[in-house]
Amino acid sequence: MGSYKGSRVFEGYALGKLAVYATVKVEKAAGLGQDKEFARFEKARAATIAALDRSYMETLSKLGEEEAALFATHKLMAEDLDFEDAVRAELETGVSAEYAVHAAGGQLAEMFASMDDAYMKERANDVREVAARIVTALRQKEDGFALTEPSIILCEDLPSSELMKLDKKLILGIVFAKGGTNSHVSILTRMLEIPAICGIEDLEVDRKLDGIFAVLDALKSELLIAPDGDEISKYLAKKKEYEANKAKLQAFKGKPTLSKDGKKVEIYNNIASSFEVENALRNDAEGIGLFRSEFIYLDAKDYPGEEEQFEHYKRVVEAMGEKQVIIRTLDIGADKKIDYFDLPDEENPALGFRSIRICRARPEIFLVQLQALYRASAYGNLAVMVPMIISLEEVDFIHQMAALARENLDARGLPYKKDMKIGIMVETPAAAVCSDLLAKKVDFFSIGTNDLSQYTLAIDRVNPNLSLSFNPRHKAVCRLIKLATENAHRAGIPIGICGELARDEKLLPFFLRIGVDELSVSPAYTLSLRKQISHIDTRQVDEGKYI
Ligand code: PEP
Ligand code: MG
């Protein structure tokens, strides 16, 4: 029945029957009378609360308090008297309990969505989710969607609570027809390491697909529905090989990252949310090299406050213990637009108002973030880096704002580390060329090869028509990486690479040879990178070949 392309949430292969998760649809219908319908509501709500209690306990034991808290919140919402009053009011109009719950949930969700507080705004989805659960219980399917055999879940989107409730042993993979790679449920899916893809435009989630055999290739981000026998054999072989390789990599856990000739390099991880820190730990990362903090802003409906940001940063820093965590300050603009920032339309957004440029124009936003970061520094080994740097003046501004943040926390009597390291990303040719001067003013460098390639080669990184011209291993990029590395070391500061090139098999020998101190990659690549490095003898590497 065809193949469909999406975006990768978590890599891997899955072969099995599709289990279609259909979003609950509720039509307006007449009830059996107000009292009878209210009794039905009470019974369904009690069943829902019991199911939420079970999910809470199960999640608590498997993933911990942080993730389990969602179910406690949902329980409070189900018990909430305002919600109950709204259901009663709907029932007075003679409708069914299903419709009353659905409508009451919708009203409360709208109320939450209109609030100023970003945290409260986010609760709108939770209310809808709780209402949908009660409606499902009213329909006499107390546990709603359940898997009875190993399956690939096919859904438009899946509430996080639904995912947590399912038996993970029975989930082979997930296909989210809608949704993005950084939604909460996508992040959870990565944490659980379930092969999954999302964002498939031309796939209709139809119940008719329930039970049909499918292949999910989450390495290529493809779904094949009703493949033929040859294809199934081909993918079974691929899956077997992939899993055998993955199992062998476990031998690299708990080991230092050393080249064949004993040169040490550290493998850090890139994460986009505080929840992903679990993945980094599971894959034995030696630190976090890039926490893209802008996703906290992208997930919110309004500027996230100091407290909210502090909680995210603290979670990561605490979880990593003594290991270093590098959090990048907001990298908004260019391809990451946010409505509430009200950014101007631009002819050339990649060359426009983004990152540090926004921070200089709107220092109050930057200050809130720096205060949250300094506060989190008290809980572990935190370093902060700023993207898109092109000048010494920008670095001076960062230090001035950092001093202001410290003064503010002093006045409030809050603890923080005065010597928290502050570094910059080297991701513009300007920063690389002036890296000798910049290195004297910061504690570390991290090379963002995605942007460094874009700006050095004058190739738009999001323009698919330019892929033919794009050579990420271009000598110009390699020369700038070498220059920045030499200048960092001359000034006595470490340098890492956190762009996609950090895991480029062909350039790896070059990076090790020139002495890059740290490579930061997605958690799933940590162990395979450690293995590759163990096979490289840096004494044999001919630097000239790359530059
Ligand atoms: C980079 O530019 O290489 C980088 C790591 O940052 P981002 O991809 O988030 O722009
Ligand atoms: Mg970048």
Side-chain angles (χ1 to χ4, degrees), residues 181-182 187 190-191 257 265-299 309 312-313 315-317 319-320 323-336 354-356 359 369-370 372-373 376-377 380-389 398 420-428 431-432 442-454 461 472 481 484-485 488 493-504 507 511 516-526 529:
T181 52
N182 277 305
I187 290 165
R190 270 198 288 281
M191 262 179 68
T257 310
V265 61
E266 306 225 68
I267 305 183
Y268 281 17
N269 278 175
N270 295 350
I271 59 173
S273 91
S274 54
F275 301 102
E276 284 177 76
V277 70
E278 305 295 333
N279 269 5
L281 288 168
R282 198 181 308 124
N283 286 287
D284 201 28
E286 290 159 274
I288 299 294
L290 169 64
F291 176 0
R292 289 181 160 100
S293 73
E294 60 274 12
F295 283 99
I296 298 174
Y297 293 76
L298 282 159
D299 280 347
Q309 292 192 49
H312 282 284
Y313 306 149
R315 182 185 301 157
V316 179
V317 170
M320 293 301 286
K323 294 179 175 179
Q324 190 178 46
V325 174
I326 302 177
I327 300 184
R328 170 171 82 183
T329 56
L330 86 169
D331 192 8
I332 294 299
D335 54 329
K336 294 176 202 136
R354 71 175 278 202
S355 317
I356 182 69
C359 295
Q369 182 167 36
L370 286 173
L373 287 164
S377 73
N381 184 1
L382 175 61
V384 167
M385 72 176 172
V386 184
M388 278 300 287
I389 295 298
I398 296 164
M420 179 180 77
K421 294 207 174 352
I422 297 184
I424 56 166
M425 289 190 72
V426 175
E427 54 180 350
T428 62
V442 296
D443 295 315
F444 64 94
F445 282 164
S446 183
I447 305 181
T449 52
N450 308 336
D451 277 315
L452 186 62
S453 303
Q454 151 165 273
R461 61 189 268 190
I481 293 174
T485 306
I493 62 167
I495 182 162
I497 299 180
C498 62
E500 289 301 306
L501 274 191
R503 61 179 173 87
D504 186 278
L507 289 184
F511 296 153
V516 169
D517 301 288
E518 165 245 304
L519 297 165
S520 194
V521 296
S522 295
Y525 299 109
T526 312
L529 193 61

Student: Is there a donor in the side chain of Asn270 and an acceptor in the side chain of Ser522, or the other way round, less than 3.5 Å apart?
Tutor: no
Student: Taking the side chain from Glu294 and the backbone from Ile332, do they hold a donor-acceptor pair closer than 3.5 Å?
Tutor: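 A pair under 3.5 Å: no.
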Student: With a 3.5 Å distance limit and no angle check, can you tell me whether Thr449 reaches the backbone of Leu452 through a side-chain donor-acceptor pair?
Tutor: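 Checking the backbone N and O of Leu452 against the side chain of Thr449, no donor-acceptor pair under 3.5 Å is found.
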Student: Under 4.5 Å between any side-chain heavy atoms of Ile288 and Ile327, yes or no?
Tutor: no
Student: Quick one: CG on Leu519 to CZ on Phe511, what's the gap to the nearest 0.5 Å?
Tutor: 7.5 Å
Student: Taking the six-membered ring of Phe275 as reference, does the cationic atom of Arg190 (NZ for Lys, CZ for Arg) lie under 6.0 Å from its centre and within 45° of its axis?
Tutor: no
Student: Taking atom types as modelled, is there a side-chain donor on Glu286 or Thr257 under 3.5 Å from an acceptor on the other?
Tutor: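 A donor-acceptor contact under 3.5 Å links the two side chains.
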Student: Using a 3.5 Å distance criterion without hydrogens, assess whether the side chain of Asn450 forms a donor-acceptor pair with backbone atoms of Glu500.
Tutor: yes
Student: Would you say Gln324's side chain and Gly287's backbone share a donor-acceptor pair under 3.5 angstrom?
Tutor: no
Student: Measuring from Met420:CE to Asp443:CG, what's the distance to the nearest 0.5 Å?
Tutor: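 Met420 atom CE to Asp443 atom CG measures 9.5 Å (nearest 0.5 Å).
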Student: Thinking salt bridges, do Arg354 and Asp331 make one under a 4.0 Å N-O criterion?
Tutor: yes
Student: Are any side-chain N or O atoms of Asp504 and backbone N or O atoms of Leu507, one a donor and one an acceptor, separated by less than 3.5 Å?
Tutor: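 Checking the backbone N and O of Leu507 against the side chain of Asp504, a donor-acceptor pair under 3.5 Å is found.
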Student: Determine whether Gln309 and Tyr297 make a side-chain contact, defined as any pair of heavy atoms from C-beta on separated by less than 4.5 Å.
Tutor: yes
Student: Could you give the distance from CG (Leu290) to CZ (Arg328), rounded to the nearest 0.5 Å?
Tutor: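 Rounded to the nearest 0.5 Å, the CG-CZ separation comes to 5.0 Å.
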Student: What I want to check is whether the side chains of Glu276 and Asn279 have a donor and an acceptor closer together than 3.5 Å.
Tutor: no
Student: Any luck finding a side-chain donor-acceptor pair between Asn269 and Thr526 under 3.5 Å?
Tutor: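 Per modelled atom types, Asn269 and Thr526 side chains form a pair under 3.5 Å.
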Student: So, the side chain of Lys323 versus the backbone of Ala285: is there a donor-acceptor pair under 3.5 Å, distance only?
Tutor: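 Here the side-chain-to-backbone pair exists.
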Student: Starting at CD1 of Ile497, measure out to OG of Ser446 and round the result to the nearest 0.5 Å.
Tutor: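 Ile497 CD1 to Ser446 OG: 8.5 Å, rounded to 0.5 Å.
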